[in-house]
Each structure stands twice: as C-alpha cells, then as structure tokens.
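Here's the structure we're looking at; comments come further down.
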Amino acid sequence: MAPKRTKNKAPSADPQGMFAGMVVFLIENSVQSRRLQIWKQKLEQMGAKIETHLSKKVSHVFAMSSDALFHHVDKDQLARFKGHVLLYQWLEDSLAAGEKVSEHLYILKVDPEGEDVPDKNPKLEAANRNSSIHGEQSHCKRIKSSPEEIKHTNEESKGDIETNTASGLSNNEPNSPSSVTSGPEIPSTLDKDVGTPTSSLPYSPPDLNKDITEIFGKLINIYRALGDDRRSFSYYKAIAVVEKLPFKIESADQVKNLPGIGKSLQDHIQEIVTTGKLSKLEHFETDEKVRTISLFGEVWGIGPATALKFYEKGHRALDDLKSDNSLTNVQKLGLKYFDDIKTRIPRNEVQEMESLLQKVAEDIVSGVVVVCGGSYRRGKASCGDLDIIITHPDGKSHKGFLQKYVKRLKEMKLLREDLIFSTHSEEGTDQGVDTYFGLCTYPGRELRHRIDFKVYPRDIYAFGLIAWTGNDVLNRRLRLLAESKGYRLDDTGLFPATHGSGSKRGARGTTSLKLETEKEVFDFLGFPWLETYERNL
DNA sequence: CGGCTGTACTG
DNA sequence: CAGTAC
DNA sequence: GCCG
C-alpha cells in the first residue's frame, strides 16, 4: 500500500487533487520537454509538490527509464532513498484513469547494479532513446553536441548558427511587411513541430477565478509603486498558480496547500470568493497618497522614492510635476511623452519596424543580425516597447556598431530622444554589451515609443537573446536553476559559481561557458525547451 | 530571520 | 551612493 | 507576501 505520508491531514484524501500529499522529484533526462511541462503542471494542479533535488521530503521519484535514472542521480543517494521510484508512465495512466492507478507495474528497481529494468512497457523503449547524454556526475560538465544528437533535437538546424538559432531567430520569413499585418497571436512561422501536436492538450484554461487574479494584479502594481517589490512578486507568483487551477475557487480550503499561497493570501482569497472584493484593495484605491504615488511612478525615470518625494512636496497631479525644477532630463521626457509611451504598439507595426531596422543595420555592417525580442518575440498581439537585440556572426563587427547605428537612425528620424546610452565594446575594452534606451517613432508619425538596443558579442549572444526575450518569470526560473547547479546566469553568460572570491565586477574576466544557441543553454541547465511563444509564463 | 536576479547608468 | 530601469 |  502506498504509505500515506500521514501529514496532518484528514484521513479522507484531499478531494481536490489526486496527487495531494505527494512530494515528487522528476528526472528530466530524455523526457520530451513538452510532456515534462504538462506533467509538472498537472502534478502541481492536483496537489503534488515538486522538488528540485532529491531531498528527504521527496516521496516519489519519476524517470523515463532506469537508464535515465542512473545517469542522473547518485546511486548511493538513491539507495538511501525510502520513497517510490516510478516510471512516468504511471503518471500518464493515472491522469488518463482520473485516479491514482496501482503502482506495482511501474516500479523501477533501485538495484545498485541496476541494469535490469523491471517490466518496461514496450512503448517506452522507443521514447527512451539516448539516455547517455550526460556521462558525468549529476553535474554535467560538458554539453557536447555530436552531429547525431543535433539531428535528433533540431531537425533543420544545419546551417550557420545565425540563421537557425534554435528557432524564430531570423527565420521570421522575409514577408513583405504589409502582407502579414493581421496575425494577432502566434508568429507566422515556426519550425516543424516537436512531435506533440498541441491539439492533444485537454487544457482549457479559461478565466476561472478572474475576480481573484484581477485584484491581485492591482495589488502587484500598488506594492511595486510603493517600492515593495518582494511583496509585489508574491502576488505575481500567486496569480500564476491560481490561473492554472482547472476549477473555480469557492473556498480557501481549495488553495490551502498550493505553492506560493500562504495564510495571508488564503484569507484574501476567502474574502474575494465570499464578498466579491478585497477591503485591503479598496482601501488602497481610495487612499490619495497611494494613488498619487502610483501615478507618479508610471513616469519613466520616477520610482518609488522620487514619487514619494514629489508627494510630500505637495504635488498631486502630473501637471504639478512639470513645473518642478528637480526633474531630471529623462524624467522630463517621461513626463512629456507620458501618454505616448503608455500606448501599446500593434504587432504588425513592430514587425515593420523590425524589418526596417534590419535593413538600416545591414546597410552599416553587412551580416549584422537584428532581432526584435521582448513580448514581440513571444508572439504577443501588441507590445509595450521594442527590445532590439543585435549581434554579428563574425564575432567582432559588432564593435562600434551601435554608435553608427544610432546616429543613422536619428538622421532618419526614427530615433527621437535619448534616455541612456552606454558602450563597452570599443576596441580594447572587455566583452561588454552596448546598450541604448530611447524613444522612437513609427515612420510618418510623432507618437513616441520606448525602444531598447542591446548589442552582444557573438559568443554570448544566446544569453542576451534569452534574457531580453523573457519573460521575467522565465528569466528568474532559469537563474535560480543555474544557481542550484552551481552556476550564475545573467544576460551576458553562464559562469561557474566563483565561490567566495566575490563575484564582483572583476569576475567578468572569467569567461562564460560557450553555448551558442538558446537551446544549448536550456539543455545545459536541464530546463525543458520552450519555443519563444511558449515563454509567456 | 533573511532571501527573494543581477547589473549599469544618472545625478 | 541612492535611485532607477531592464 | 512566501518559503526554509
């Protein structure tokens, strides 16, 4: 019998989730990323807790096969493990059955010699091809890509790095800009599927619990405006959890042991589902101080501290600020174009500007790669700003490019005002990233949009691409994951955790691991691959 | 109780 | 250095 | 705010 982790819960299992009480550790080795993603989601939805490493609390370990299992975890550690080690197929069958099926057919032996697979379903054999990617310990030192493997994972990726980088790089088809003006969602072209047609997903994540997430969303903005980013982020995470629930919450009990939802948020949810509102939010929204500071904080260049300062000076409206002589230059611009900057940009216009920017760039340095990242690259129908990521395949022609580029773009009146301009890549200096933040206009208009340029040396381009494609939740998760594996990840690379020896600025000297594509980075970290349009976490 | 990403510019 | 932004 |  499955030894119940008789937590402190009623004997009657949680009616909500069939996996309630389970603490699972997933061996991601040789699992198709799409399926892994689904399994994780299902497990969490139905009450299981997912651990990032094989800790004492883990009750179940899942693996594709015994091969995958032994290549990924330490045998001794496994031998000491007291819980259940099962094939993923148990999950599949349980989900299909709607209840936990008997485990005995799916048990993986934890034999120290373990080369004997118990009773492996034939179909698993197929799914379990290369189980020996990582020959090393749990810390895979190398991410060697033999030609064969590349063929497996990345069918058509045989050309130059730049033209295929994992997907959706410059394979935005060179359509005449005007011909594709209507695709609101999903980017026009995507590579051949990764095997699983997205149709097999029984998910229908409609806006159940929208009342809750909307209120939390407002609290996010309020706390951010007040400078309490931590608290703000807690609500942010809670929204993601609530949105995944397949049912409408009617009682706080139903969210009692979901990750990211503690006592306080339970109370909030309880109040919302019973009264339809949250007194705490009502209070905030009628508080003049909160309202004013929130408003001021929407101006580019004004943060919580400055907003508070202006409030205490007696300012109450944006017009009051315009006459304040303590405004910095960028704050003046943020104020002047307040409404402009807040106006979202239709996807098709971003697409046209991207191709225009590509043409202008090519005109300056042949071969330069210009990609619009951010929410555009994630397939959104409209964008708040433009994130332009640039590199050059030859690894050196990016140097000094940004100055010329900005100059040219100003001449043609695409770039209008500067916010920040910094360069590091001038000959001699380090592996810096050149950055430009400013305001731009769509050809023929005056409406200002925020635009960012980031120029990366070729060898760290993949990291910049990931970071500036986002979203921020994904970036955080990747960084946390990297850290858990003894690395430090940022938009300039993936570094072995230089322990103790302060990872200060100088540590930049330590070069990043050489990973050339986004997929290589995901793979190295063991994070299931996500197409760009799947990164809206 | 302390961490919650980490880095660079502006003034 | 504080504040801000990505 | 949540988590360990």
Side-chain angles (χ1 to χ4, degrees), chain A residues 49 51-53 55-57 216 219-220 222-241 255 257-269 278 280 296-310 325-334 341 373-375 384-389 418-424 430-438 450-454 463-464 466-484 487-495 497 502-508:
Chain A
K49 175 140 174 39
E51 280 287 301
T52 53
H53 59 293
S55 70
K56 296 195 107 65
K57 299 170 304 187
F216 283 7
L219 287 173
I220 289 174
I222 289 170
Y223 280 121
R224 183 177 298 153
L226 297 180
D228 194 344
D229 283 353
R230 316 295 189 180
R231 188 158 310 194
S232 172
F233 189 53
S234 285
Y235 285 95
Y236 193 96
K237 283 184 291 191
I239 286 186
V241 172
V255 294
N257 39 34
L258 287 178
I261 302 202
K263 179 70 175 69
S264 183
L265 289 196
Q266 284 170 40
D267 292 345
H268 290 175
I269 289 175
L278 189 63
K280 179 177 194 162
F296 292 172
E298 288 180 52
V299 177
W300 206 91
I302 296 182
T306 311
L308 176 59
K309 186 189 74 183
F310 285 145
N325 57 358
S326 69
L327 284 174
T328 66
N329 277 337
V330 298
Q331 288 166 347
K332 287 176 192 163
L333 288 171
I341 293 173
S375 55
D385 61 9
L386 284 74
D387 290 308
I388 311 297
I389 308 145
D418 303 331
L419 294 174
I420 287 178
F421 197 169
S422 74
T423 57
H424 290 272
D430 57 342
Q431 286 258 289
V433 179
D434 289 351
T435 304
Y436 175 90
F437 297 163
R450 280 276 298 103
I451 187 167
D452 297 346
F453 294 105
K454 287 265 177 181
F463 302 103
I466 288 175
W468 299 107
T469 295
N471 62 10
D472 54 347
V473 176
L474 174 61
N475 285 341
R476 280 194 180 91
R477 287 174 59 173
L478 289 174
R479 283 167 180 163
L480 264 316
L481 181 57
E483 187 179 337
S484 76
Y487 296 90
R488 181 177 60 81
L489 173 71
D490 63 31
D491 71 309
T492 67
L494 182 62
F495 312 87
S503 53
K504 282 299 184 200
R505 220 59 299 279
R508 184 61 78 68

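Computed from heavy atoms alone, side chains included, the values below leave out hydrogens, waters and symmetry copies. Reminder, nothing fancy here: chain letters follow the sequence lines and each chain counts from 1.
- Counting non-hydrogen atoms under 4.0 angstrom, A:Lys309 reaches nothing in the nucleic acid.
- Between A:Asn471 atom CG and C:dC6 atom C1' the separation is 14 Å, expressed in whole Å.
- When the C1' atom is compared between B:dT5 and C:dT4, the two are found 16 Å apart, to the nearest whole Å.
- Regarding contacts with the backbone of B:dG11, every side-chain N or O of A:Lys332 stays at 4.0 angstrom or more from both OP1 and OP2.
- Side chain of A:Asn475 to main chain of A:Ala467: a donor-acceptor pair is present (N/O by atom type, distance under 3.5 Å, no hydrogens or angles).
- Counting any heavy atom pair closer than 4.0 Å across all strands shown, A:Tyr235 reaches sugar-phosphate atoms only and no base atom.
- In this structure, CD of A:Gln331 is placed 14 Å from C1' of B:dC9, rounded to the nearest angstrom.
- Among the atoms of the strands shown, only primed sugar atoms or phosphate atoms (P, OP1, OP2) are found under 4.0 Å from some heavy atom of A:Lys263.
- A sub-4.0 Å separation between OP1 or OP2 of C:dA5 and a side-chain N or O of A:Arg224 is absent.
- For the atom pair A:Ile466 CD1 and A:Leu478 CG, the distance stands at 6.5 Å (nearest 0.5 Å).
- Contacts of A:Asp229 with the nucleic acid, taken as non-hydrogen atoms under 4.0 Å apart, are absent.
- With rounding to whole Å, A:Asn329 atom CG is found 16 Å from C:dG3 atom C1'.
- Atom CZ of residue A:Phe437 and atom CG of residue A:Asp452 lie 4.5 Å apart, to the nearest 0.5 angstrom.
- Under the 3.5 Å distance criterion, the side-chain polar atoms of A:Arg450 are left unmatched by any main-chain donor or acceptor of A:Leu386.
- Heavy atoms of A:Leu489 sit nowhere under 4.0 angstrom from any nucleic acid atom.
- The distance from atom CG of A:Leu327 to atom C1' of B:dT10 is 14 Å, rounded to the nearest whole Å.
- Comparing B:dT5, B:dG6, D:dC2 against the side chain of A:Arg488 picks out B:dG6 as the nearest.
- At D:dC3, none of the side-chain N or O atoms of A:Arg231 fall inside 4.0 Å of OP1 or OP2 (strictly under the cut-off).
- Phosphate contact (OP1/OP2 of B:dG6, side-chain N/O of A:Arg476, threshold under 4.0 Å): absent.
- Comparing atom distances between the A:Ser422 side chain and each of B:dC9, C:dC6, B:dG6 picks out B:dC9 as nearest.
- Taking OH of A:Tyr236 as the reference point, atom CZ of A:Arg476 lies at 7.5 Å (rounded to 0.5 Å).
- Going from atom CG of A:Leu226 over to atom P of C:dG3 covers 15 Å, rounded to whole Å.
- The line from CD1 of A:Ile451 to CG of A:Leu419 is 11.0 Å long, rounded to the nearest 0.5 Å.
- A salt bridge links A:Asp490 to A:Arg488: at least one charged side-chain nitrogen sits closer than 4.0 Å to a carboxylate oxygen.
- Near DNA chain C, defined here as any heavy-atom distance below 4.0 Å, the residues from residues 296-308 of chain A are A:Val299, A:Trp300, A:Gly301, A:Ile302, A:Gly303, A:Pro304, A:Ala305, A:Thr306, listed numerically.
- Across the protein-nucleic acid pair, A:Arg477 atom CZ and B:dC4 atom P stand 18 Å apart, rounded to whole Å.
- In this structure, the separation between CD1 on A:Ile302 and CG on A:Leu327 is 6.0 Å, given to the nearest 0.5 Å.
- Nearest to the side chain of A:Arg450, among C:dC6, B:dT7, B:dT5, sits C:dC6.
- Taking the side chain of A:Thr328 as heavy atoms from C-beta on, and the options D:dG4, B:dC9, B:dG11, the nearest nucleotide is B:dG11.
- Considering only side-chain atoms of A:Arg479, the nucleotide from C:dC6, B:dT5, D:dC2 that sits closest is B:dT5.
- Atoms CH2 (A:Trp468) and P (B:dA8) sit 11 Å apart, rounded to a whole Å.
- For A:Phe437, the side-chain atoms get nearest to C:dC6 when compared with the rest of D:dC2, C:dC6, D:dG4.
- A side-chain hydrogen bond (donor to acceptor under 3.5 Å, both in side chains) with A:Lys454 holds for exactly one of A:Asp434, A:Thr435, A:Asp491; it is A:Thr435.
- Per the geometry, CG belonging to A:Asp452 stands 13 Å off C1' belonging to B:dA8, to the nearest Å.
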